[in-house]
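Computed from heavy atoms alone, side chains included, the values below leave out hydrogens, waters and symmetry copies.
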Amino acid sequence: MLDNTRFISEKEVSRIIGRALSTLRNDRYEGKGIPYTKLGRSVRYQLADVFSFMRARRIETEKL
């Protein structure tokens, strides 16, 4: 089970959500996207924020 309080790298986020690393970097540059933390030159995302970002974009479809 994944720990939501854990911080992960931008590469891990890219793999989890299926967005290119360059897209994550562009989003940060433009001040949008998933909240992140800078540690020197390193960027880290809190796993809970990644999940929250994805849930906020969930689209419910009509049930068959």
**side-chain contact (heavy atoms from CB on, under 4.5 Å) involving A56 - partner list, sequence neighbours excluded** = none
Please round to the nearest 0.5 Å and tell me the distance separating atom [atom1] of [X] and atom [atom2] of [Y].
X   : Y   : atom1 : atom2 : result
I16 : I8  : CD1   : CD1   : 3.5 Å
T5  : D49 : OG1   : CG    : 11.5 Å
Y29 : S22 : OH    : OG    : 15.0 Å

**Message:** Run the side-chain hydrogen bond (donor to acceptor under 3.5 Å, both in side chains) test against R58 and tell me which residues pass, sequence neighbours left out.
**Reply:** E60
**Request:** Kindly write out the residues that satisfy side-chain hydrogen bond (donor to acceptor under 3.5 Å, both in side chains) with S9, not counting sequence neighbours, or none if the list is empty.
**Result:** E12
**Request:** Locate the shortest heavy-atom distance separating S14 from A20; write the atom from each residue and the value.
**Result:** OG-C, 3.9 Å
**Asked** Under a single-linkage definition using a 4.5 Å side-chain heavy-atom cutoff for Ile, Leu, Val, Met, Phe, Trp and Tyr, are L24 and F51 assigned to the same hydrophobic cluster?
**Response** yes
**Message:** Applying a strict under-4.5 Å side-chain criterion to I, L, V, M, F, W and Y, I'd like to know whether F53 and V13 cluster together.
**Reply:** yes
Give the table of side-chain donor-acceptor pairs shorter than 3.5 Å for residues 33-44, with sequence neighbours excluded, one pair per line with atom names and distance.
none

**Asked** Which residue pairs pass the salt bridge (charged side-chain N to carboxylate O under 4.0 Å, His left out) test with at least one member in residues 16-25, sequence neighbours excluded?
**Response** E10-R25, R19-D27
